[in-house]
Amino acid sequence: MAEIYQWKGKQGRVHFSDEPPAGEAHETKTIRYHGASQSEQSERSIEQQNQRYLRALEAEKRTQALANEKAERLKDKQKKQVCSTLQDEARKAREGYGYYQLNEQGEKEFYTEKQAEKMREELILQYEAECL
């Protein structure tokens, strides 16, 4: 015998797994294998039910794999955007771009050279941590 777990997700989709969901109410389905004491008709019915559960489980695994791939692609895209921005900032820093913040009147207040150098160092560290 084997057990399959079935539950409804937050978006109303029905999920199947060979492991119980963490923190979710679920229903346990028992898959019985052919036994000598069961009638042939009952065996066919159980086998069909087992096949349905196994197909649903495989479909759920495929859906999860696709969702994981999509999340990974999005993560890669976001990382490329961050790295592109950091590279652009590094270029500006090398060209002598001055760092500033806006005051309460919306006017630019440029950092001192010491503050700007600290910003450049932080930029380099962030780029190395996220992009290399």
Side-chain angles (χ1 to χ4, degrees):
M1 279 198 281
E3 290 184 340
I4 299 291
Y5 303 92
Q6 177 183 344
W7 69 97
K8 249 188 196 175
K10 293 176 183 170
Q11 296 178 348
R13 288 184 41 217
V14 176
H15 300 271
F16 294 90
S17 177
D18 54 356
E19 295 181 17
E24 295 277 344
H26 62 279
E27 188 177 324
T28 303
K29 305 282 186 179
T30 302
I31 298 177
R32 293 181 184 83
Y33 298 100
H34 299 302
S37 63
Q38 297 173 331
S39 72
E40 191 171 310
Q41 185 179 12
S42 179
E43 287 178 17
R44 248 185 262 127
S45 175
I46 290 171
E47 183 61 29
Q48 289 170 348
Q49 185 180 25
N50 291 348
Q51 291 301 319
R52 281 195 304 272
Y53 287 136
L54 291 173
R55 281 193 301 272
L57 179 60
E58 288 302 316
E60 178 67 22
K61 286 181 180 180
R62 283 191 304 274
T63 299
Q64 188 61 48
L66 290 172
N68 290 345
E69 287 174 20
K70 183 177 180 180
E72 195 62 35
R73 283 193 305 271
L74 179 60
K75 184 179 172 184
D76 288 345
K77 182 179 178 181
Q78 290 170 338
K79 181 177 179 177
K80 286 178 184 176
Q81 289 173 338
V82 166
C83 291
S84 176
T85 300
L86 288 172
Q87 284 178 326
D88 188 47
E89 289 296 318
R91 180 189 53 77
K92 289 177 183 177
R94 282 192 302 275
E95 294 172 358
Y97 174 79
Y99 292 99
Y100 64 88
Q101 61 186 7
L102 298 178
N103 64 19
E104 291 178 5
Q105 292 78 31
E107 301 168 333
K108 294 179 182 177
E109 289 184 350
F110 285 88
Y111 290 173
T112 65
E113 186 55 40
K114 187 175 182 178
Q115 291 171 319
E117 183 59 33
K118 183 179 178 186
M119 291 293 290
R120 288 182 193 104
E121 288 173 5
E122 289 174 2
L123 174 70
I124 290 167
L125 290 174
Q126 185 180 4
Y127 178 79
E128 288 174 352
E130 295 186 31
C131 302
L132 298 180

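For the pair Ser17 and Leu57, the tightest heavy-atom approach, listed with the atom from each and the gap, is CA-CD1, 3.2 Å. Minimum interatomic distance between Gly9 and His15 (heavy atoms only, all atoms of both residues): N-CD2, 3.5 Å. The two atoms that bring Lys79 and Cys131 nearest to each other are CE-CA, 4.2 Å, heavy atoms only. Considering all non-hydrogen atoms of both residues, Tyr53 and Ile4 come closest at CB-CG1, 4.3 Å.
Between Glu58 and Lys61 the shortest side-chain heavy-atom distance falls below 4.5 Å. Residues Glu109 and Leu102 have side chains not in contact (no heavy-atom distance under 4.5 Å, counting atoms from C-beta outward). Side-chain contact between Glu121 and Ile124 is absent, with no heavy atoms from C-beta onward closer than 4.5 Å.
Atom CD of Glu19 is surrounded by 12 or fewer heavy atoms from other residues, nucleotides or ligands within 6.0 Å. At most 12 heavy atoms of other shown residues, nucleotides or ligands fall within 6.0 angstrom of atom OH in Tyr100. Within a 6.0 Å sphere centred on CD of Glu104, heavy atoms belonging to other residues, nucleotides or ligands number 12 at most.
A distance of 7.5 Å separates SG in Cys83 from CG in Leu132, rounded to the nearest 0.5 Å. A distance of 10.5 Å separates OG1 of Thr85 from CD of Glu130, quoted to the nearest 0.5 Å. For the atom pair CG (Leu86) and CG (Leu125), the distance works out to 11.0 Å, reported to the nearest 0.5 Å. Between Met119 atom CE and Glu89 atom CD the span is 8.0 Å, to the nearest 0.5 Å. To the nearest 0.5 Å, atom CD of residue Gln87 and atom CG of residue Leu123 are 10.5 Å apart.
Under a 3.5 Å cut-off, the side chain of Ser84 and the backbone N or O of Lys80 do not form any donor-acceptor pair. When atom types are taken as modelled, the side chain of Gln115 and the backbone of Thr112 share a donor-acceptor pair closer than 3.5 angstrom.
Residues Gln64 and Glu60 have side chains that never bring a donor and an acceptor to within less than 3.5 angstrom of each other.
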I would like to know whether Glu27 and Tyr5 meet side-chain hydrogen bond (donor to acceptor under 3.5 Å, both in side chains); could you show each step before the answer?
CA-CA 6 Å; Glu27 188 177 324; Tyr5 303 92; over 6 Å; no
Set out, in order, the CA-CA distance, both residues' side-chain angles and the distance that settles side-chain contact (heavy atoms from CB on, under 4.5 Å) for Leu74 and Gln78, then state yes or no.
CA-CA 6 Å; Leu74 179 60; Gln78 290 170 338; 3.9 Å; yes
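Arg120 and Glu113 are joined by a salt bridge, as a carboxylate oxygen and a charged side-chain nitrogen come within less than 4.0 angstrom of each other.
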